[in-house]
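The model shown is predicted, which means the values in this text are computed figures rather than measured ones. For this chain, numbers begin at 1 and follow the sequence in order.
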Amino acid sequence: MKNFLVLILILSFFRAKAQELTLAGNAILSIKEAGMTVSTPSIQLRDKSRLIHPAGIQLSGSPYIQLSSPEARIITNELFPGKAYEMEVGITSKTIVRLTAHQEGSAYALGMQSLPSDQSLPFTWSIDPVATDKKSGTNLFFEWEEGIEPKPFVLKALVSKSEGDWQMLPVPISGTRVGYENFNTWSESNQFTIKTITTDSDFDEVPDVQELNELTSWSNAGSYSDLDGDGVPDYIEMLDQTDPNNKMDYLDSNSDDIPDYTYNRSLISILDDLHRTIEWGDTGWMHDLQDSILAMTGSGRLEQIPILWKPQMVDVYSHGTYKVNGQIDLPDGIFNPYIIIPEMLVEVLPKAAPEDILLTNSEFTVVSGSSNYEVGAFSVVDSFDDVHWIKLLNEGYDNLLFEIKGNTLVWKSQSSAAGKTTFTIIVRVKDRDGNYLDKFFEITRHRPDSDDIPVNNTFSPNGDGINDSWWVPELRYFSGVRIQVFERSGKRIFYTENPDKKWDGTSNGKVLPVGTYFWTIEIGEFNTIRKGILNLLMQ
């Protein structure tokens with residue numbers, strides 16, 4: 001046959017006799033009419049040739065249609081639901097392929113190619129739906145001639161590849177026959193072959209084929225038949241010649257009460273360096289923590305183990321070394337009988353001490369009638385933190401005359417500190433890392449001029465709560481104060497050296513009459529004296 005030859009046989013009940021038939025290049029042989037047959041000793045497909053509806057081919061000298069190129073295809077006609085379509089094809093030996101469609105109008109293209117592997121049949125079948133919109137379930141059946149597979153070839157399993165790795169199909173194998181009911185994972189390229197017993201997709205040491213027979217998962221290393229619950233697969237116990245129905249009977253070479261199978265798959269050491277150094281106050285340090293650790297199992301195999309850390313145990317505002325435990329998420333088939341708990345050492349570096357403490361104002365003036373004097377507000381100079389505690393350091397110097405409310409320095413109004421205008425205090429600021437800074441401050445108090453202090457010249461001690469006593473409150477801030485009241489006759493009727501003491505209009509417990517009296521005020525601090533008249537009104 002020449003390239004690009006298209007031979008279409010359309011005559012009813014036509015029977016052709018010929019020598020060996022070879023399709024090459026892009027040749028197409030299509031037998032469309034039902035009942036048509038083409039008789040030939042053998043037929044071979046090369047290059048990109050196509051044989052459409054091979055049921056009309058009768059071979060007299062060969063047991064199968066020979067596919068000599070991986071790009072050659074045999075194409076079925078459109079199949080009716082439930083109708084089986086069987087082809088006898090091969091490369092160097094015969095394979096029977098039977099397809100049963102589940103959807104009307106389904107048609108399939110079949111090809112074969114060599115597969116150089118010592119763990120599978122030496123060829124694969126390529127089966128693809130012709131109509132891409134008709135990919136419903138299809139029953140697949142394969143039967144091959146025994147003796148062509150590599151040795152040893154004990155158990156077999158059907159595997160499929162669709163643009164990726166080979167994947168096991170959950171079907172049992174019987175001798176040289178395998179079938180898959182309702183295969184529906186069609187893609188642009190679908191290949192099938194038979195694998196040997198050595199395939200172990202999940203590395204649990206139980207072959208995929210064995211897991212197929214046990215109805216366990218060949219892709220989950222923790223899924224296998226274990227009748228006695230000792231953690232050792234029944235398949236392994238069969239190889240070790242231990243009793244799969246006795247929980248206490250397993251292979252234990254080092255007598256540590258841990259089965260060898262479990263030990264080989266158990267964590268015995270962590271290989272990662274679990275030490276972190278972080279800057280003081282770094283609240284985002286946990287975002288960079290690794291989400292897995294490298295560990296070694298008893299067999300020497302390295303495993304990346306997912307882990308969840310508990311960083312709430314670290315106070316980033318206090319330097320020191322903290323232990324952070326991790327909660328490991330064991331992958332399927334990995335054990336931890338020795339209860340290895342990952343522990344990370346997190347070192348929080350020290351913080352530098354505050355640089356300075358400032359006071360917005362260091363002077364205040366006493367005012368008549370006021371009992372609350374706010375001196376100024378403290379602020380801390382610190383390049384690393386804005387949270388601090390400020391307090392007066394102990395009771396030394398003049399600290400007892402002041403208090404700090406929040407960050408504000410306040411004069412205690414009940415303290416007069418007579419005669420003093422300059423005070424020294426010592427203040428300590430402490431940060432969250434325990435660092436502190438002490439600093440002296442000099443506070444100046446301004447008093448009214450002693451000559452300008454107003455002196456009340458009238459009072460009425462009648463108990464009405466208004467102007468019931470006579471005193472000069474501003475004098476309490478001066479030292480050496482002496483206050484006297486005299487009658488017109490010159491008799492002294494009131495005397496005190498305490499400016500906070502008030503005269504109530506009596507003398508020796510006797511209520512004095514309404515009238516005019518005289519007062520004198522001496523301030524020894526300045527060696528001055530003032531005099532005046534005081535009117536005592538109706539009592």
A.B. asks: Parallel under 30°, tilted from 30 to 60°, perpendicular over 60°: which one fits the rings of Tyr224 and Tyr261?
C.D. replies: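 Judged by the thresholds at 30° and 60°, the geometry between Tyr224 and Tyr261 is perpendicular.
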A.B. asks: Could you point out which residue of Asn245, Asp230, Leu227 forms a side-chain contact (heavy atoms from CB on, under 4.5 Å) with Glu237?
C.D. replies: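 Single pass found, and it is Asp230.
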A.B. asks: Ignoring hydrogens and angles, state whether a donor on the side chain of Asp208 or Ser201 is under 3.5 Å from an acceptor on the partner side chain.
C.D. replies: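 Yes, a side-chain donor-acceptor pair sits under 3.5 Å.
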A.B. asks: Which one of Thr321, Leu274, Ile278 satisfies the side-chain contact (heavy atoms from CB on, under 4.5 Å) criterion with Val346?
C.D. replies: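 Exactly one pass, corresponding to Ile278.
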A.B. asks: Indicate whether the side chain of Glu355 and that of Ser383 have a donor and an acceptor atom separated by less than 3.5 Å.
C.D. replies: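 Yes, because at least one side-chain N or O of Glu355 sits under 3.5 Å from a partner of the opposite role on Ser383.
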A.B. asks: So, Asp228 versus Asn246: side-chain donor-acceptor pair below 3.5 Å or not?
C.D. replies: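 Absent: no donor and acceptor within the cut-off.
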A.B. asks: Is there a side-chain contact between Ser415 and Leu401, using heavy atoms and a 4.5 Å cut-off?
C.D. replies: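 A side-chain contact exists here, since the closest heavy-atom pair is under 4.5 Å.
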A.B. asks: Over all heavy atoms of both residues, which pair between Asp204 and Asp200 is shortest? Give the atoms and the distance, please.
C.D. replies: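 Closest approach of Asp204 to Asp200: OD1-OD1, 3.0 Å.
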A.B. asks: Do any N or O atoms from the side chain of Asn361 and from the backbone of Glu363 form a donor-acceptor pair under 3.5 angstrom?
C.D. replies: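 At least one qualifying donor-acceptor pair exists.
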A.B. asks: Determine the minimum heavy-atom distance between Asp226 and Asp234, stating which atoms define it.
C.D. replies: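 Scanning both residues completely, I find the closest heavy atoms to be CA-OD1, 3.4 Å.
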A.B. asks: Please state whether the rings of Phe459 and Trp503 are parallel, tilted or perpendicular, taking 30° and 60° as the class boundaries.
C.D. replies: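 Tilted, since the angle between the ring planes falls between 30° and 60°.
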A.B. asks: Search all heavy atoms of Leu536 against all heavy atoms of Pro461 and return the closest pair with its distance.
C.D. replies: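 For Leu536 and Pro461, the tightest heavy-atom pair comes out as CD1-CD, 3.3 Å.
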A.B. asks: We want to know whether Glu497 and Tyr495 form a side-chain donor-acceptor pair, criterion being a heavy-atom distance below 3.5 angstrom.
C.D. replies: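 Side-chain D/A pair, Glu497 to Tyr495: present.
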A.B. asks: Taking Asn220's backbone N and O only, do any of them form a donor-acceptor pair with Asp332's side chain (distance below 3.5 Å, no angle check)?
C.D. replies: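 Judged by distance alone, no pair lies under 3.5 Å.
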A.B. asks: Between Trp280 and Tyr317 (judged by ring centroids, cut-off 6.0 Å), do the two rings come close enough to count as a pair?
C.D. replies: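 Aromatic pair counts; centres sit under 6.0 Å.
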A.B. asks: Under 3.5 Å, is there a donor-acceptor pair linking the side chains of His102 and Asn139?
C.D. replies: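 Looking only at side-chain atoms, Asn139 and His102 do form a donor-acceptor pair, the distance falling under 3.5 Å.
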A.B. asks: Taking side chain as C-beta onward, heavy atoms only, is Gln484 less than 4.5 Å from Trp519?
C.D. replies: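 No, their side chains stay 4.5 Å or more apart.
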A.B. asks: Could you tell me which non-hydrogen atom of Ile127 sits nearest to which non-hydrogen atom of Trp186, and how far apart they are?
C.D. replies: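 Closest approach of Ile127 to Trp186, heavy atoms only: O-CZ3, 3.3 Å.
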A.B. asks: Please check if any side-chain donor atom of Ser292 sits under 3.5 Å from a side-chain acceptor atom of Gln304, or the reverse.
C.D. replies: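 Judged by distance alone, the side chains do pair up.
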A.B. asks: Do we see a donor-acceptor contact under 3.5 Å between the side chains of Thr506 and Asp504?
C.D. replies: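 Per modelled atom types, Thr506 and Asp504 side chains form a pair under 3.5 Å.
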A.B. asks: Could you report the tightest heavy-atom contact between Val472 and Ile521, atom names first, then the distance?
C.D. replies: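 So the two residues come closest at CG2-CD1, 4.0 Å.
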A.B. asks: Quick check: are there more than 12 heavy atoms from other residues, nucleotides or ligands sitting under 6.0 Å from OH of Tyr436?
C.D. replies: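 No, because the 6.0 Å sphere around OH of Tyr436 holds 12 heavy atoms or fewer from other groups.
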A.B. asks: State, yes or no, whether a side-chain contact exists between Lys351 and Pro354 at a heavy-atom distance under 4.5 Å.
C.D. replies: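 Yes; the side chains approach each other to less than 4.5 Å.
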A.B. asks: Quick one: does any side-chain atom of Asp128 pair with a main-chain N or O of Asn190 as donor and acceptor, under 3.5 Å?
C.D. replies: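 Such a contact is found between Asp128 side chain and Asn190 backbone.
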A.B. asks: Do we see a donor-acceptor contact under 3.5 Å between the side chains of His319 and Asp433?
C.D. replies: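 Their side chains do contain a donor-acceptor pair, which is all the 3.5 Å distance test asks for.
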A.B. asks: Would you call the rings of Phe423 and Phe402 parallel, tilted or perpendicular, taking 30° and 60° as the class edges?
C.D. replies: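 Perpendicular.
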A.B. asks: Is the NZ or CZ atom of Arg447 positioned over Tyr477's six-membered ring, under 6.0 angstrom from the centre and within 45° of the axis?
C.D. replies: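 No, Arg447 and Tyr477 do not form such a contact.
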A.B. asks: Please report the closest heavy-atom contact between Glu211 and Ser223, naming both atoms and the distance.
C.D. replies: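 That would be OE1-O, 2.7 Å.
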A.B. asks: More than 12 non-hydrogen atoms from neighbouring residues, nucleotides or ligands closer than 6.0 Å to OH on Tyr397, yes or no?
C.D. replies: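 Counting neighbours around OH of Tyr397, 12 or fewer heavy atoms of other residues, nucleotides or ligands fall under 6.0 Å, so no.
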A.B. asks: Compute the centroid of each ring, for Phe494 and then for Phe486, and state whether the two points are separated by less than 6.0 Å.
C.D. replies: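 No, the ring of Phe494 stays outside the 6.0 Å limit from the ring of Phe486, centre to centre.
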A.B. asks: Under 6.0 Å from the ring centre and within 45 degrees of the ring axis: does the NZ or CZ of Lys502 meet both conditions for the six-membered ring of Trp471?
C.D. replies: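 So Lys502 does make the cation-pi contact.
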A.B. asks: Examine distances only and state if a side-chain atom of Arg276 and a backbone atom of Met286 form a donor-acceptor pair shorter than 3.5 Å.
C.D. replies: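 A pair under 3.5 Å: no.
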